[in-house]
Amino acid sequence: MGELYRVRSCALPTVFVLNGPNLNLLGVREPAIYGRGTLADIEARCRSRGTTLGLAIDFRQTNHEGQLVDWIQEARLAAAGIVLNAGALTHTSVALLDALSATDLPVIEVHLSNIFRRERFRHHSYVSLAATGVICGLGARGYELALEAVAGLIGEVPAREER
Ligand code: CA2
């Protein structure tokens, strides 16, 4: 009688799913490389997978490098993990590498295409230098697998050498 119950917070961990330049064109051009699905289709798959994994999905796209840097900095305070397809900035951006290096969050780098079967300039990734893991060549499924990886990594004790 008269017992007090503490209300437990049930906020889900948020994962930022960040997409870089030209990914808004998916489904419009280059279907041979990227398939016929749109970015909206990928977002829907992420939201559905997020629901089953118990993750809130914050899905964004920008064509601007500085905006991606701002979002990665925002994620440090607002997210439990990052899934990042930086588009062509993957291969050029030290600014993204520096922003990612400043987070302690799990970061999964995703590419729709297998960048290692493509032009040589796509074989190098600055993002990979700060990523926890990399998934490429599996199309939209790669985003779902990345969310599974983040779900597993959230709350995990850091590896011994990182402590
Ligand atoms: O395979 C990926 O996901 C990429 O990150 C996609 C980037 C590319 O620069 C990376 O090397 C690999 C390209 C983004 C999408 O570009 C489009 C261009 C025209 C039509 C549709 C998409």
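The residues of the chain are indexed from 1 along the displayed sequence. Order of appearance sets the numbers: ligands from 1, and atoms from 1 within every ligand.
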**Study point:** Residues, nucleotides or ligands: over 12 heavy atoms within 6.0 Å of Arg76 CZ
**Key:**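 Count not over threshold, so no.
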What are the atom names and distances for all N or O pairs under 3.5 Å between ligand 1 and the protein?
| residue | atom | partner | partner atom | Å |
| --- | --- | --- | --- | --- |
| ligand 1 | 1 (O) | Leu112 | N | 3.3 |
| ligand 1 | 1 (O) | Ser113 | N | 2.9 |
| ligand 1 | 1 (O) | Ser113 | OG | 2.5 |
| ligand 1 | 3 (O) | Asn85 | ND2 | 2.9 |
| ligand 1 | 3 (O) | Leu112 | N | 2.7 |
| ligand 1 | 5 (O) | Asn85 | OD1 | 2.8 |
| ligand 1 | 5 (O) | His111 | ND1 | 2.9 |
| ligand 1 | 9 (O) | Ala88 | N | 3.3 |
| ligand 1 | 9 (O) | Arg122 | NH1 | 2.9 |
| ligand 1 | 11 (O) | His91 | NE2 | 2.7 |
| ligand 1 | 11 (O) | Arg122 | NH1 | 2.8 |

Point to revise | Whichever hydrophobic residues join Phe116 through chains of side-chain contacts under 4.5 Å | key: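 Members alongside Phe116: Ile115.
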Exercise for review: Can you sort out the partners of Glu43 under salt bridge (charged side-chain N to carboxylate O under 4.0 Å, His left out), two or more places apart, ordered by chain and number?
Suggested key: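 Arg47.
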**Study point:** Set of residues satisfying side chain to side chain donor-acceptor pair (under 3.5 Å) with respect to Thr62, sequence neighbours excluded
**Key:**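 By the side chain to side chain donor-acceptor pair (under 3.5 Å) rule, Thr62 matches no residue at all.
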Point to revise | Any side-chain heavy-atom pair of Val15 and Leu53 under 4.5 Å | key: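 They are not in contact (no side-chain heavy atoms under 4.5 Å apart), so the answer is no.
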Review point. Closest heavy-atom contact between Ile33 and Ser113?
Key: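 Heavy atoms only, the tightest pair is CG2-CB, 4.1 Å.
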